[in-house]
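A short write-up of the structure that comes next.
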Amino acid sequence: MHQPSGFIDPEHPDYVCRLRRSLYGLKQAPRAWFQRFAKFITNCGFRGSMCDPSLFVYQSVSDTAYLLLYVDDIVLTASNNSPLHRFIDLMKRKFAMSDLGLLHHFLGISVTRSSSVLYLSKSLYAQDIIARASMTQCNPVDTLVDTNSKLSATSGPTVKDPTLYRSLAGALQYLTFTRPDISYAVQQVCLFMHDPREPHMQALKRIIRYLQGTIHHGLFISVSTTSGLTTYSDADWEGCPDSRRSTSVYCVFLGDNLVSWSSKRQATISRSSAEAEYRGVANVVAETTWLRNLLLEIHLPLRRANIVYCDNVSVIYMSGDPVQHQRTKHVEIDIHFVCERVRIGDIHVLHVPSENQYADIFTKGLPRQLFVRFRSSLSVCSSLAQTKGV
């Protein structure tokens with residue numbers, strides 16, 4: 001224990017304040033715990049990641065190990081059993097902890113594995129959301145959003161129970177960790193948590209009806225023969241009917257596996273569709289740059305450039321050379337950032353036809369057949385019936 005700065009008694013410099021309640025539960029408790037654990041684990045040979053503070057990497061001539069820490073929940077994996085058991089024994093001597101064996105549940109995510117597939121699911125959590133909304137007997141729907149509807153902040157009367165709306169919308173946000181297919185619809189209903197209206201509640205209930213029919217869907221992660229980063233970027237220009245701001249979306253694949261995705265409204269109004277799309281490309285380039293650095297830290301460097309697919313031809317030209325400077329100087333920082341990554345060879349921005357633009361699932365409502373095809377491309381499928389045959 002150390003006395004806070006400014007509270008040291010000159011006559012008794014070794015005295016400390018006596019706490020009137022336990023350290024656990026105070027705001028500084030997580031930081032104190034993390035500092036203690038980080039000091040211990042680095043003394044064991046691990047190195048803290050600069051890209052992700054919760055990740056620690058161990059590398060020796062013959063062994064590699066990764067440790068992921070979330071408060072007091074730990075995921076530890078290694079190249080073979082010898083370092084795995086050694087680090088578990090060291091942690092057991094230092095902390096009161098239990099070894100739960102193979103990864104099967106972490107932060108509410110159920111993990112089912114076979115020889116070559118990990119299946120991540122939050123089906124029990126989805127059932128809890130449906131029950132909380134009193135919709136356990138509702139009829140399922142095939143899609144999340146109407147193909148031509150955009151929610152407005154002023155349409156319809158206010159809901160009778162805004163607290164329930166906010167609770168369900170917040171719970172659905174947590175569900176998107178294993179269900180990227182609902183990201184766009186959840187992002188839309190979360191825009192109106194300050195003043196929810198009846199059309200917003202109907203949109204939220206439609207999401208729950210969709211979950212009712214896809215309760216056992218989850219995210220598949222499989223062994224892939226390729227290791228490059230491939231991304232899809234898109235934006236809906238002036239998609240918000242109230243603020244006229246666009247929504248930037250992207251999805252990032254490492255090999256065949258979806259590893260990152262986002263659907264977020266832009267902070268400023270874009271003056272053209274090309275500008276809206278270009279801001280989206282800048283966001284995904286920043287994400288892939290972070291992922292490249294993270295893979296480098298875990299000793300899996302990428303040997304080739306990241307591929308960014310965009311369905312706007314103007315963006316392709318601007319990423320190679322911002323020739324129309326007078327029209328694009330208000331987004332100059334984004335242009336210089338992307339152009340620099342293209343020039344050094346980290347990024348290739350390529351055109352993709354709209355029918356193969358998987359990021360469309362994060363920007364708008366799609367027809368049922370196209371929605372199902374794009375959902376499958378994101379590795380979101382039904383549960384174990386498919387993994388048992390792998």
Could you grab the distance from atom [atom1] of [X] to atom [atom2] of [Y], nearest 0.5 Å is fine?
X: S110; Y: Y119; atom1: OG; atom2: OH; result: 9.0 Å
X: T289; Y: D346; atom1: OG1; atom2: CG; result: 6.5 Å
X: L211; Y: Q127; atom1: CG; atom2: CD; result: 11.0 Å
X: I347; Y: E340; atom1: CD1; atom2: CD; result: 11.5 Å
X: L164; Y: M201; atom1: CG; atom2: CE; result: 5.0 Å
X: L258; Y: S379; atom1: CG; atom2: OG; result: 6.5 Å

[X]: which residues meet the salt bridge (charged side-chain N to carboxylate O under 4.0 Å, His left out) condition with it, sequence neighbours left out?
X: R375; answer: none
X: R86; answer: none
X: D236; answer: K150

So does D89 pair up with R93, basic N to acidic O under 4.0 Å? no
Shortest non-hydrogen contact from [X] toward [Y]:
X: Y165; Y: V189; value: OH-O, 2.7 Å
X: S248; Y: A276; value: OG-O, 4.3 Å
X: F374; Y: Q357; value: CE2-O, 3.2 Å
X: L370; Y: L366; value: CD2-CD2, 4.1 Å
X: N139; Y: R209; value: O-NE, 3.0 Å
X: V249; Y: A359; value: CG2-O, 3.4 Å

[X] and [Y]: same hydrophobic cluster, using ILVMFWY side-chain contacts below 4.5 Å?
X: L120; Y: L107; answer: yes
X: F337; Y: I344; answer: no
X: V223; Y: I298; answer: no
X: V75; Y: L100; answer: no
X: F7; Y: Y15; answer: no

Under a 4.5 Å cut-off applied to non-hydrogen side-chain atoms, are [X] and [Y] in contact?
X: R179; Y: I182; value: yes
X: W261; Y: F362; value: yes
X: R197; Y: V159; value: no
X: T247; Y: Q266; value: no
X: D360; Y: F371; value: no
X: F220; Y: V117; value: yes
X: L68; Y: S54; value: yes
X: I130; Y: I215; value: yes

Which hydrophobic side chains are connected to L124, either touching it within the sub-4.5 Å cutoff or through other members that do? none
Cluster partners of W33, using ILVMFWY side-chain heavy atoms under 4.5 angstrom, listed by chain and number? F34, F37, F40, I41, F46, F56, Y58, L67, L69, I74, L76, L84, F87, I88, L90, M91, F95, M97
Does [X] use its side chain to pair, donor to acceptor, with the backbone of [Y] at less than 3.5 Å?
X: S155; Y: L151; result: no
X: E277; Y: D311; result: no
X: S183; Y: P180; result: yes
X: S79; Y: T64; result: yes
X: S376; Y: V372; result: no
X: H216; Y: S121; result: no
X: H12; Y: P10; result: no
X: N43; Y: K39; result: yes
X: H85; Y: S82; result: no

Quick one, R265 with Q187, criterion side-chain contact (heavy atoms from CB on, under 4.5 Å). Give me CA distance, side-chain angles, the key distance, then yes/no. CA-CA 9 Å; R265 193 166 63 177; Q187 180 260 347; 4.0 Å; yes
Count the heavy atoms of every other residue, nucleotide or ligand shown that sit under 6.0 Å from NZ of K122, and state whether that count exceeds 12. yes
Just wondering, more than 12 heavy atoms not from E355 lying within 6.0 Å of its CD? yes
Pair [X], [Y]: side-chain N/O donor-acceptor within cut-off below 3.5 Å:
X: T143; Y: R206; value: yes
X: R132; Y: S167; value: yes
X: D63; Y: N80; value: yes

Run through T231, D234, I316, V315 and flag the one making a side chain to side chain contact (heavy atoms under 4.5 Å, CB included) with V281. V315
For Y309, check ring-ring contact (aromatic ring centres under 6.0 Å, His included) against everything at least two apart and list the hits. Y232
Kindly determine whether L302 and L229 satisfy side-chain contact (heavy atoms from CB on, under 4.5 Å), including the steps that lead there. CA-CA 8 Å; L302 296 179; L229 286 173; 3.6 Å; yes
S49 vs L294, test: side-chain contact (heavy atoms from CB on, under 4.5 Å). Steps then yes/no. CA-CA 8 Å; S49 169; L294 179 63; 4.0 Å; yes
Begin from the C-alpha positions of Y210 and D181 and carry the test side-chain hydrogen bond (donor to acceptor under 3.5 Å, both in side chains) through to its verdict. CA-CA 11 Å; Y210 171 78; D181 53 323; 2.6 Å; yes
Derivation and outcome, side-chain contact (heavy atoms from CB on, under 4.5 Å), residues L295 and L254: CA-CA 10 Å; L295 291 171; L254 178 59; 4.1 Å; yes
